[in-house]
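Notes for the one structure printed next.
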2 protein chains.
Amino acid sequence: MSTRPVPERLATQLASGASGFAVTFDDVRMEDVAVASGIPRATLYYYFAGKEELLAFVLRTMLDDLEASVAIAQGRARDARGRLAAVVRAQLAHLAANPGASRLLLLNLGRAGRIGAIAAGIDAAFHAPVRQILIQGIEAGDLVALDVEVATTAVYGSVVAVGLQALLSRGGIDVDATAERLIALLWSGIAAPGPEARRARP
Amino acid sequence: MSTRPVPERLATQLASGASGFAVTFDDVRMEDVAVASGIPRATLYYYFAGKEELLAFVLRTMLDDLEASVAIAQGRARDARGRLAAVVRAQLAHLAANPGASRLLLLNLGRAGRIGAIAAGIDAAFHAPVRQILIQGIEAGDLVALDVEVATTAVYGSVVAVGLQALLSRGGIDVDATAERLIALLWSGIAAPGPEARRARP
DNA sequence: CAGAGATTGAACGCACCGTCCAACCATAGA
DNA sequence: TCTATGGTTGGACGGTGCGTTCAATCTCTG
(Lines give C-alpha, C1' and ligand atoms only; values in the text may rest on other atoms or scores of the structure.)
Protein backbone atom coordinates (compact mmCIF):
# COMPACT_ATOMS: atom_id res chain seq x y z
CA MET A 1 0.00 0.00 0.00
CA SER A 2 0.99 3.59 -0.38
CA THR A 3 0.35 4.28 3.27
CA ARG A 4 2.70 4.05 6.22
CA PRO A 5 3.32 0.60 7.66
CA VAL A 6 0.62 -0.05 10.22
CA PRO A 7 1.82 -1.07 13.71
CA GLU A 8 0.52 -4.35 15.09
CA ARG A 9 -1.26 -2.65 17.94
CA LEU A 10 -3.26 -0.44 15.60
CA ALA A 11 -4.27 -3.33 13.41
CA THR A 12 -5.74 -5.33 16.25
CA GLN A 13 -7.51 -2.36 17.79
CA LEU A 14 -9.02 -1.49 14.43
CA ALA A 15 -10.14 -5.03 13.73
CA SER A 16 -12.14 -5.03 16.93
CA GLY A 17 -13.55 -1.53 16.77
CA ALA A 18 -13.85 -0.48 13.16
CA SER A 19 -16.62 -2.50 11.61
CA GLY A 20 -18.85 -3.20 14.61
CA PHE A 21 -22.46 -3.12 13.51
CA ALA A 22 -22.06 -0.98 10.44
CA VAL A 23 -24.08 -1.90 7.39
CA THR A 24 -22.78 0.95 5.26
CA PHE A 25 -19.51 2.78 4.82
CA ASP A 26 -21.30 5.91 5.92
CA ASP A 27 -22.27 4.21 9.15
CA VAL A 28 -18.58 4.14 10.00
CA ARG A 29 -17.70 7.63 11.19
CA MET A 30 -14.04 8.35 11.72
CA GLU A 31 -14.82 9.81 15.11
CA ASP A 32 -16.60 6.61 16.09
CA VAL A 33 -13.71 4.46 14.95
CA ALA A 34 -11.44 6.68 17.03
CA VAL A 35 -13.55 6.23 20.14
CA ALA A 36 -14.23 2.52 19.62
CA SER A 37 -10.59 1.68 18.98
CA GLY A 38 -9.07 4.14 21.41
CA ILE A 39 -6.97 5.63 18.62
CA PRO A 40 -7.34 9.40 18.23
CA ARG A 41 -8.70 10.66 14.97
CA ALA A 42 -5.51 12.54 14.14
CA THR A 43 -3.55 9.33 14.55
CA LEU A 44 -5.86 7.46 12.22
CA TYR A 45 -5.18 10.10 9.60
CA TYR A 46 -1.50 9.80 10.32
CA TYR A 47 -1.58 6.17 9.20
CA PHE A 48 -4.35 6.17 6.61
CA ALA A 49 -5.02 8.56 3.79
CA GLY A 50 -8.71 8.52 4.66
CA LYS A 51 -11.68 6.44 5.66
CA GLU A 52 -11.52 4.45 2.45
CA GLU A 53 -7.93 3.40 3.07
CA LEU A 54 -8.68 2.56 6.66
CA LEU A 55 -11.59 0.33 5.78
CA ALA A 56 -9.58 -1.13 2.92
CA PHE A 57 -6.97 -2.15 5.45
CA VAL A 58 -9.49 -3.76 7.76
CA LEU A 59 -11.33 -5.58 5.00
CA ARG A 60 -8.18 -6.62 3.24
CA THR A 61 -6.81 -8.08 6.46
CA MET A 62 -10.00 -10.08 6.83
CA LEU A 63 -9.71 -11.33 3.26
CA ASP A 64 -6.08 -12.28 3.75
CA ASP A 65 -7.05 -14.35 6.75
CA LEU A 66 -9.77 -16.01 4.77
CA GLU A 67 -7.43 -16.76 1.91
CA ALA A 68 -5.01 -18.47 4.26
CA SER A 69 -7.76 -20.36 6.02
CA VAL A 70 -9.18 -21.57 2.73
CA ALA A 71 -5.79 -22.71 1.50
CA ILE A 72 -5.25 -24.81 4.60
CA ALA A 73 -8.73 -26.30 4.55
CA GLN A 74 -8.54 -27.14 0.89
CA GLY A 75 -5.28 -29.01 1.32
CA ARG A 76 -6.93 -31.50 3.63
CA ALA A 77 -8.89 -33.26 0.89
CA ARG A 78 -7.94 -35.01 -2.33
CA ASP A 79 -11.02 -35.38 -4.46
CA ALA A 80 -12.94 -32.53 -6.02
CA ARG A 81 -15.97 -32.88 -3.81
CA GLY A 82 -13.95 -32.98 -0.62
CA ARG A 83 -11.88 -30.00 -1.60
CA LEU A 84 -14.88 -27.95 -2.66
CA ALA A 85 -16.62 -28.85 0.55
CA ALA A 86 -13.61 -27.76 2.56
CA VAL A 87 -13.38 -24.44 0.73
CA VAL A 88 -17.06 -23.62 1.04
CA ARG A 89 -17.04 -24.60 4.67
CA ALA A 90 -13.99 -22.45 5.40
CA GLN A 91 -15.60 -19.49 3.67
CA LEU A 92 -18.83 -19.82 5.63
CA ALA A 93 -16.89 -20.29 8.83
CA HIS A 94 -14.95 -17.13 8.17
CA LEU A 95 -18.11 -15.14 7.54
CA ALA A 96 -19.47 -16.49 10.81
CA ALA A 97 -16.28 -15.60 12.65
CA ASN A 98 -16.07 -12.08 11.22
CA PRO A 99 -19.66 -10.97 10.90
CA GLY A 100 -18.96 -7.26 11.10
CA ALA A 101 -16.34 -7.00 8.41
CA SER A 102 -18.14 -9.56 6.25
CA ARG A 103 -21.39 -7.67 6.32
CA LEU A 104 -19.69 -4.40 5.59
CA LEU A 105 -17.78 -5.88 2.67
CA LEU A 106 -20.53 -7.88 1.03
CA LEU A 107 -23.26 -5.31 1.47
CA ASN A 108 -21.12 -2.59 -0.07
CA LEU A 109 -19.41 -4.16 -3.03
CA GLY A 110 -19.76 -0.92 -4.91
CA ARG A 111 -17.71 1.07 -2.45
CA ALA A 112 -15.41 -1.82 -1.59
CA GLY A 113 -14.86 -3.19 -5.06
CA ARG A 114 -13.56 0.09 -6.31
CA ILE A 115 -10.57 -0.40 -4.06
CA GLY A 116 -8.15 -2.50 -6.07
CA ALA A 117 -6.77 -4.43 -3.15
CA ILE A 118 -10.25 -5.46 -2.07
CA ALA A 119 -11.35 -6.65 -5.48
CA ALA A 120 -8.15 -8.65 -5.72
CA GLY A 121 -8.63 -10.02 -2.23
CA ILE A 122 -12.15 -11.20 -3.02
CA ASP A 123 -10.86 -12.99 -6.07
CA ALA A 124 -8.02 -14.57 -4.12
CA ALA A 125 -10.15 -15.67 -1.19
CA PHE A 126 -13.43 -16.59 -2.89
CA HIS A 127 -13.02 -17.14 -6.60
CA ALA A 128 -9.52 -18.48 -7.14
CA PRO A 129 -9.72 -21.55 -4.88
CA VAL A 130 -13.01 -22.62 -6.44
CA ARG A 131 -11.76 -21.91 -9.93
CA GLN A 132 -8.76 -24.12 -9.39
CA ILE A 133 -10.80 -26.99 -8.01
CA LEU A 134 -13.20 -26.78 -10.92
CA ILE A 135 -10.47 -26.79 -13.53
CA GLN A 136 -8.71 -29.73 -11.98
CA GLY A 137 -11.96 -31.55 -11.34
CA ILE A 138 -13.03 -31.25 -14.94
CA GLU A 139 -9.66 -32.45 -16.12
CA ALA A 140 -9.85 -35.44 -13.77
CA GLY A 141 -13.35 -36.26 -14.95
CA ASP A 142 -14.88 -35.77 -11.54
CA LEU A 143 -16.84 -32.81 -12.76
CA VAL A 144 -19.01 -32.31 -15.79
CA ALA A 145 -17.59 -30.05 -18.48
CA LEU A 146 -18.86 -26.61 -17.57
CA ASP A 147 -18.11 -22.95 -18.06
CA VAL A 148 -15.53 -22.43 -15.34
CA GLU A 149 -16.08 -18.71 -14.97
CA VAL A 150 -19.83 -18.99 -14.72
CA ALA A 151 -19.58 -21.85 -12.25
CA THR A 152 -16.95 -20.11 -10.16
CA THR A 153 -19.06 -17.00 -9.94
CA ALA A 154 -22.16 -19.01 -9.19
CA VAL A 155 -20.46 -20.79 -6.32
CA TYR A 156 -19.19 -17.49 -4.98
CA GLY A 157 -22.62 -15.93 -5.24
CA SER A 158 -24.41 -18.77 -3.53
CA VAL A 159 -21.91 -19.05 -0.68
CA VAL A 160 -21.96 -15.35 -0.02
CA ALA A 161 -25.72 -15.01 -0.34
CA VAL A 162 -26.42 -17.94 1.95
CA GLY A 163 -23.87 -16.82 4.51
CA LEU A 164 -25.08 -13.25 4.48
CA GLN A 165 -28.68 -14.32 4.70
CA ALA A 166 -27.94 -16.34 7.81
CA LEU A 167 -25.95 -13.50 9.35
CA LEU A 168 -28.68 -10.98 8.75
CA SER A 169 -31.77 -12.98 9.59
CA ARG A 170 -30.49 -15.31 12.27
CA GLY A 171 -27.56 -13.26 13.51
CA GLY A 172 -25.14 -16.10 12.91
CA ILE A 173 -24.38 -19.14 10.79
CA ASP A 174 -24.78 -22.80 11.65
CA VAL A 175 -21.66 -23.53 9.68
CA ASP A 176 -21.78 -27.30 9.58
CA ALA A 177 -25.40 -27.68 8.65
CA THR A 178 -25.39 -24.84 6.16
CA ALA A 179 -22.19 -25.92 4.48
CA GLU A 180 -23.43 -29.46 4.09
CA ARG A 181 -26.69 -28.40 2.49
CA LEU A 182 -25.06 -25.89 0.21
CA ILE A 183 -22.42 -28.31 -0.99
CA ALA A 184 -25.00 -31.00 -1.68
CA LEU A 185 -26.81 -28.44 -3.77
CA LEU A 186 -23.75 -27.33 -5.68
CA TRP A 187 -22.59 -30.87 -6.24
CA SER A 188 -25.80 -32.56 -7.35
CA GLY A 189 -28.11 -29.69 -8.16
CA ILE A 190 -31.76 -29.51 -7.23
CA ALA A 191 -33.09 -32.20 -9.54
CA ALA A 192 -34.43 -35.40 -8.06
CA PRO A 193 -31.79 -38.10 -8.48
CA GLY A 194 -31.91 -40.46 -11.45
CA PRO A 195 -33.63 -38.87 -14.43
CA GLU A 196 -34.93 -42.31 -15.52
CA ALA A 197 -36.40 -42.99 -12.13
CA ARG A 198 -38.26 -39.72 -12.24
CA ARG A 199 -39.51 -40.28 -15.71
CA ALA A 200 -40.73 -43.76 -14.71
CA ARG A 201 -43.00 -42.50 -11.97
CA PRO A 202 -46.70 -43.37 -12.48
CA MET B 1 -45.08 5.48 0.26
CA SER B 2 -45.29 8.49 2.49
CA THR B 3 -44.28 10.78 -0.35
CA ARG B 4 -46.45 12.61 -2.82
CA PRO B 5 -47.73 10.64 -5.83
CA VAL B 6 -45.08 10.86 -8.51
CA PRO B 7 -46.25 12.12 -11.93
CA GLU B 8 -45.64 9.87 -14.92
CA ARG B 9 -43.34 12.37 -16.55
CA LEU B 10 -41.05 12.52 -13.53
CA ALA B 11 -40.85 8.75 -13.26
CA THR B 12 -39.69 8.29 -16.83
CA GLN B 13 -37.23 11.14 -16.68
CA LEU B 14 -35.76 9.75 -13.48
CA ALA B 15 -35.51 6.23 -14.82
CA SER B 16 -33.37 7.48 -17.67
CA GLY B 17 -31.22 9.94 -15.77
CA ALA B 18 -30.90 8.84 -12.20
CA SER B 19 -28.78 5.73 -12.12
CA GLY B 20 -26.57 6.24 -15.18
CA PHE B 21 -23.12 4.94 -14.44
CA ALA B 22 -23.22 5.19 -10.69
CA VAL B 23 -21.64 2.39 -8.69
CA THR B 24 -22.40 3.91 -5.31
CA PHE B 25 -25.22 5.91 -3.79
CA ASP B 26 -22.72 8.68 -3.20
CA ASP B 27 -21.95 8.75 -6.90
CA VAL B 28 -25.51 9.94 -7.41
CA ARG B 29 -25.53 13.61 -6.52
CA MET B 30 -28.89 15.30 -6.35
CA GLU B 31 -27.58 18.13 -8.49
CA ASP B 32 -26.49 15.61 -11.12
CA VAL B 33 -29.85 13.91 -11.11
CA ALA B 34 -31.44 17.31 -11.54
CA VAL B 35 -29.29 18.12 -14.56
CA ALA B 36 -29.49 14.65 -16.10
CA SER B 37 -33.24 14.43 -15.78
CA GLY B 38 -34.03 18.05 -16.44
CA ILE B 39 -35.91 18.27 -13.15
CA PRO B 40 -34.75 21.08 -10.85
CA ARG B 41 -33.34 20.09 -7.50
CA ALA B 42 -36.08 21.87 -5.61
CA THR B 43 -38.69 19.93 -7.52
CA LEU B 44 -36.99 16.66 -6.68
CA TYR B 45 -37.22 17.56 -3.02
CA TYR B 46 -40.83 18.53 -3.53
CA TYR B 47 -41.63 14.95 -4.53
CA PHE B 48 -39.12 12.97 -2.52
CA ALA B 49 -38.11 13.30 1.10
CA GLY B 50 -34.47 12.91 0.11
CA LYS B 51 -31.99 11.09 -2.03
CA GLU B 52 -32.78 7.82 -0.36
CA GLU B 53 -36.45 8.05 -1.20
CA LEU B 54 -35.69 9.09 -4.73
CA LEU B 55 -33.39 6.14 -5.35
CA ALA B 56 -35.85 3.89 -3.56
CA PHE B 57 -38.47 4.94 -6.06
CA VAL B 58 -36.22 4.28 -9.05
CA LEU B 59 -35.01 0.92 -7.77
CA ARG B 60 -38.42 -0.16 -6.62
CA THR B 61 -39.86 0.63 -10.03
CA MET B 62 -37.19 -1.54 -11.58
CA LEU B 63 -37.97 -4.37 -9.18
CA ASP B 64 -41.69 -4.11 -9.87
CA ASP B 65 -41.01 -4.46 -13.57
CA LEU B 66 -38.85 -7.46 -12.90
CA GLU B 67 -41.47 -9.05 -10.72
CA ALA B 68 -44.06 -8.69 -13.45
CA SER B 69 -41.69 -9.95 -16.10
CA VAL B 70 -40.77 -12.97 -14.00
CA ALA B 71 -44.40 -13.81 -13.33
CA ILE B 72 -45.19 -13.81 -17.03
CA ALA B 73 -42.14 -15.86 -17.99
CA GLN B 74 -42.76 -18.39 -15.28
CA GLY B 75 -46.30 -18.98 -16.41
CA ARG B 76 -45.11 -20.21 -19.77
CA ALA B 77 -43.77 -23.54 -18.48
CA ARG B 78 -45.31 -26.41 -16.57
CA ASP B 79 -42.52 -28.52 -15.13
CA ALA B 80 -40.10 -27.40 -12.45
CA ARG B 81 -37.11 -27.24 -14.71
CA GLY B 82 -38.89 -25.22 -17.36
CA ARG B 83 -40.28 -22.80 -14.84
CA LEU B 84 -36.99 -22.31 -13.08
CA ALA B 85 -35.28 -21.77 -16.39
CA ALA B 86 -37.86 -19.17 -17.34
CA VAL B 87 -37.45 -17.32 -14.05
CA VAL B 88 -33.68 -17.31 -14.14
CA ARG B 89 -33.68 -16.23 -17.73
CA ALA B 90 -36.12 -13.40 -17.04
CA GLN B 91 -33.99 -12.21 -14.14
CA LEU B 92 -30.81 -12.18 -16.17
CA ALA B 93 -32.61 -10.47 -19.03
CA HIS B 94 -33.85 -7.78 -16.69
CA LEU B 95 -30.37 -7.16 -15.34
CA ALA B 96 -29.14 -6.88 -18.91
CA ALA B 97 -31.93 -4.49 -19.81
CA ASN B 98 -31.45 -2.27 -16.74
CA PRO B 99 -27.73 -2.31 -16.13
CA GLY B 100 -27.56 1.01 -14.32
CA ALA B 101 -30.22 0.41 -11.73
CA SER B 102 -29.19 -3.21 -11.33
CA ARG B 103 -25.58 -2.33 -10.61
CA LEU B 104 -26.56 0.35 -8.19
CA LEU B 105 -28.94 -1.96 -6.36
CA LEU B 106 -26.82 -5.08 -6.17
CA LEU B 107 -23.57 -3.31 -5.39
CA ASN B 108 -25.13 -1.40 -2.51
CA LEU B 109 -27.34 -3.86 -0.71
CA GLY B 110 -26.39 -2.24 2.56
CA ARG B 111 -27.82 1.12 1.64
CA ALA B 112 -30.63 -0.32 -0.46
CA GLY B 113 -31.68 -3.13 1.82
CA ARG B 114 -32.31 -0.78 4.68
CA ILE B 115 -35.18 0.66 2.69
CA GLY B 116 -38.12 -1.58 3.47
CA ALA B 117 -39.71 -1.35 0.06
CA ILE B 118 -36.49 -2.40 -1.61
CA ALA B 119 -35.89 -5.40 0.59
CA ALA B 120 -39.47 -6.47 -0.03
CA GLY B 121 -39.07 -5.89 -3.75
CA ILE B 122 -35.97 -8.05 -3.90
CA ASP B 123 -37.79 -10.83 -2.17
CA ALA B 124 -40.78 -10.50 -4.46
CA ALA B 125 -38.77 -10.35 -7.67
CA PHE B 126 -35.90 -12.71 -6.89
CA HIS B 127 -36.64 -15.01 -4.00
CA ALA B 128 -40.38 -15.61 -4.01
CA PRO B 129 -40.73 -17.03 -7.53
CA VAL B 130 -37.86 -19.43 -6.97
CA ARG B 131 -39.14 -20.39 -3.55
CA GLN B 132 -42.52 -21.28 -4.96
CA ILE B 133 -41.07 -23.38 -7.75
CA LEU B 134 -38.88 -25.24 -5.31
CA ILE B 135 -41.69 -26.01 -2.92
CA GLN B 136 -43.98 -27.25 -5.65
CA GLY B 137 -41.17 -29.14 -7.34
CA ILE B 138 -40.29 -30.98 -4.18
CA GLU B 139 -43.90 -31.84 -3.59
CA ALA B 140 -44.23 -33.14 -7.12
CA GLY B 141 -41.09 -35.20 -6.75
CA ASP B 142 -39.28 -33.39 -9.53
CA LEU B 143 -36.78 -31.99 -7.07
CA VAL B 144 -34.76 -33.62 -4.37
CA ALA B 145 -35.80 -32.84 -0.82
CA LEU B 146 -33.75 -29.81 0.11
CA ASP B 147 -33.70 -26.86 2.46
CA VAL B 148 -35.91 -24.45 0.57
CA GLU B 149 -34.54 -21.30 2.15
CA VAL B 150 -30.94 -22.26 1.54
CA ALA B 151 -31.67 -23.30 -2.02
CA THR B 152 -33.71 -20.19 -2.73
CA THR B 153 -30.96 -17.97 -1.45
CA ALA B 154 -28.32 -19.93 -3.33
CA VAL B 155 -30.20 -19.53 -6.59
CA TYR B 156 -30.62 -15.83 -5.95
CA GLY B 157 -26.94 -15.43 -5.14
CA SER B 158 -25.73 -17.28 -8.18
CA VAL B 159 -28.03 -15.49 -10.59
CA VAL B 160 -27.12 -12.10 -9.23
CA ALA B 161 -23.42 -12.82 -9.04
CA VAL B 162 -23.25 -14.21 -12.55
CA GLY B 163 -25.31 -11.39 -13.98
CA LEU B 164 -23.34 -8.73 -12.18
CA GLN B 165 -20.06 -10.29 -13.15
CA ALA B 166 -21.04 -10.19 -16.81
CA LEU B 167 -22.25 -6.61 -16.53
CA LEU B 168 -19.08 -5.44 -14.88
CA SER B 169 -16.45 -7.33 -16.81
CA ARG B 170 -18.05 -7.60 -20.23
CA GLY B 171 -20.36 -4.61 -20.06
CA GLY B 172 -23.37 -6.75 -20.86
CA ILE B 173 -24.93 -10.18 -20.58
CA ASP B 174 -25.31 -12.83 -23.23
CA VAL B 175 -28.63 -13.76 -21.73
CA ASP B 176 -29.36 -16.97 -23.60
CA ALA B 177 -25.96 -18.56 -23.22
CA THR B 178 -25.51 -17.50 -19.63
CA ALA B 179 -28.98 -18.57 -18.56
CA GLU B 180 -28.57 -21.96 -20.14
CA ARG B 181 -25.26 -22.63 -18.44
CA LEU B 182 -26.45 -21.38 -15.11
CA ILE B 183 -29.63 -23.42 -15.16
CA ALA B 184 -27.75 -26.57 -16.12
CA LEU B 185 -25.55 -25.93 -13.12
CA LEU B 186 -28.41 -25.33 -10.73
CA TRP B 187 -30.36 -28.29 -12.01
CA SER B 188 -27.69 -30.96 -12.13
CA GLY B 189 -24.84 -29.54 -10.11
CA ILE B 190 -21.21 -29.72 -11.04
CA ALA B 191 -20.62 -33.43 -10.52
CA ALA B 192 -19.93 -35.63 -13.50
CA PRO B 193 -23.09 -37.59 -14.34
CA GLY B 194 -23.55 -41.09 -13.01
CA PRO B 195 -22.08 -41.49 -9.52
CA GLU B 196 -21.56 -45.24 -10.14
CA ALA B 197 -19.61 -44.57 -13.29
CA ARG B 198 -17.38 -42.18 -11.44
CA ARG B 199 -16.90 -44.47 -8.51
CA ALA B 200 -15.97 -47.28 -10.92
CA ARG B 201 -13.04 -45.42 -12.37
CA PRO B 202 -9.63 -47.01 -11.63
C1' DC C 1 -60.62 36.02 -12.68
C1' DA C 2 -59.54 34.31 -7.91
C1' DG C 3 -57.66 30.72 -5.28
C1' DA C 4 -55.23 26.32 -4.74
C1' DG C 5 -51.65 23.84 -5.69
C1' DA C 6 -47.51 22.89 -8.52
C1' DT C 7 -42.91 24.53 -9.72
C1' DT C 8 -38.68 26.75 -9.18
C1' DG C 9 -34.38 29.69 -7.76
C1' DA C 10 -31.69 30.97 -4.11
C1' DA C 11 -29.79 31.06 0.24
C1' DC C 12 -28.96 28.79 4.50
C1' DG C 13 -27.47 25.48 8.26
C1' DC C 14 -25.57 21.07 9.18
C1' DA C 15 -22.72 16.84 9.39
C1' DC C 16 -18.75 14.74 8.35
C1' DC C 17 -14.67 14.44 5.86
C1' DG C 18 -9.89 15.54 5.21
C1' DT C 19 -6.10 18.97 6.12
C1' DC C 20 -3.09 21.49 8.78
C1' DC C 21 -0.28 22.80 12.52
C1' DA C 22 1.66 23.42 16.84
C1' DA C 23 2.58 21.05 20.88
C1' DC C 24 3.97 17.13 23.15
C1' DC C 25 6.35 12.63 24.03
C1' DA C 26 9.65 8.73 23.54
C1' DT C 27 13.90 7.19 22.48
C1' DA C 28 18.21 6.38 20.09
C1' DG C 29 22.47 7.95 19.64
C1' DA C 30 26.23 11.54 20.80
C1' DT D 1 22.68 13.85 30.21
C1' DC D 2 21.45 16.20 26.14
C1' DT D 3 19.42 16.46 21.66
C1' DA D 4 17.55 15.39 17.28
C1' DT D 5 14.28 12.53 15.05
C1' DG D 6 9.98 10.85 14.41
C1' DG D 7 5.67 9.13 16.42
C1' DT D 8 1.41 11.07 18.65
C1' DT D 9 -2.22 14.10 19.65
C1' DG D 10 -5.72 18.14 20.22
C1' DG D 11 -7.86 21.67 18.00
C1' DA D 12 -9.19 24.60 14.40
C1' DC D 13 -10.34 25.11 9.65
C1' DG D 14 -12.33 24.74 4.82
C1' DG D 15 -14.95 21.97 1.52
C1' DT D 16 -18.73 19.19 -0.19
C1' DG D 17 -23.16 17.70 -0.63
C1' DC D 18 -27.47 17.05 1.78
C1' DG D 19 -31.89 18.71 3.29
C1' DT D 20 -34.75 22.90 4.57
C1' DT D 21 -36.96 27.05 3.85
C1' DC D 22 -39.19 30.72 1.56
C1' DA D 23 -40.75 33.76 -1.61
C1' DA D 24 -41.76 34.23 -6.32
C1' DT D 25 -43.88 32.57 -10.19
C1' DC D 26 -46.79 29.48 -13.04
C1' DT D 27 -50.91 26.67 -14.17
C1' DC D 28 -54.95 24.97 -13.72
C1' DT D 29 -59.90 24.74 -12.10
C1' DG D 30 -64.08 26.42 -10.88
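Residue numbers begin at 1 in each chain, while the letters A, B, ... track the order of the sequences.
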Side-chain N or O of [X] less than 4.0 angstrom from OP1 or OP2 on [N]?
X     : N     : answer
B:T43 : C:dT8 : yes
B:Y46 : C:dT8 : no
A:R9  : D:dT8 : yes

**Report entry** Atom-pair distance (CD1 on A:I39; C1' on D:dG10), nearest Å
**Finding:** 16 Å
Query raised in the report: A:L44 CG to C:dC16 C1': how many Å, rounded?
Result: 14 Å
Presence of salt bridge, [Y] and [X], under 4.0 angstrom:
X      : Y     : value
A:R111 : A:D26 : yes
B:D64  : B:R60 : yes
A:R114 : B:D27 : yes

Query raised in the report: Any side-chain donor-acceptor pair under 3.5 Å between B:Q136 and B:R83?
Result: yes
Requested in this report: Would you mind listing every side-chain hydrogen bond (donor to acceptor under 3.5 Å, both in side chains) that reaches into residues 119-135 of chain B, with sequence neighbours excluded?
Outcome: B:D123-B:R131, B:R131-B:E149
Query raised in the report: If you look only at pairs with a residue in residues 85-110 of chain A, which of them pass as a ring pair (Phe, Tyr, Trp, His ring centres under 6.0 Å), with sequence neighbours excluded?
Result: none
Return the polar atom pairs (N/O with N/O) between nucleotides 14-21 of chain D and the protein under 3.5 Å, or none.
unit_1, atom_1, unit_2, atom_2, d
D:dG17, OP1, B:R29, NE, 3.4
D:dG17, O5', B:R29, NE, 3.4
D:dC18, OP1, B:M30, N, 3.2
D:dC18, OP1, B:K51, NZ, 3.3
D:dG19, OP2, B:Y45, OH, 2.9
D:dG19, OP2, B:K51, N, 2.9
D:dG19, N7, B:R41, NH1, 3.4
D:dG19, O6, B:R41, NH2, 2.9

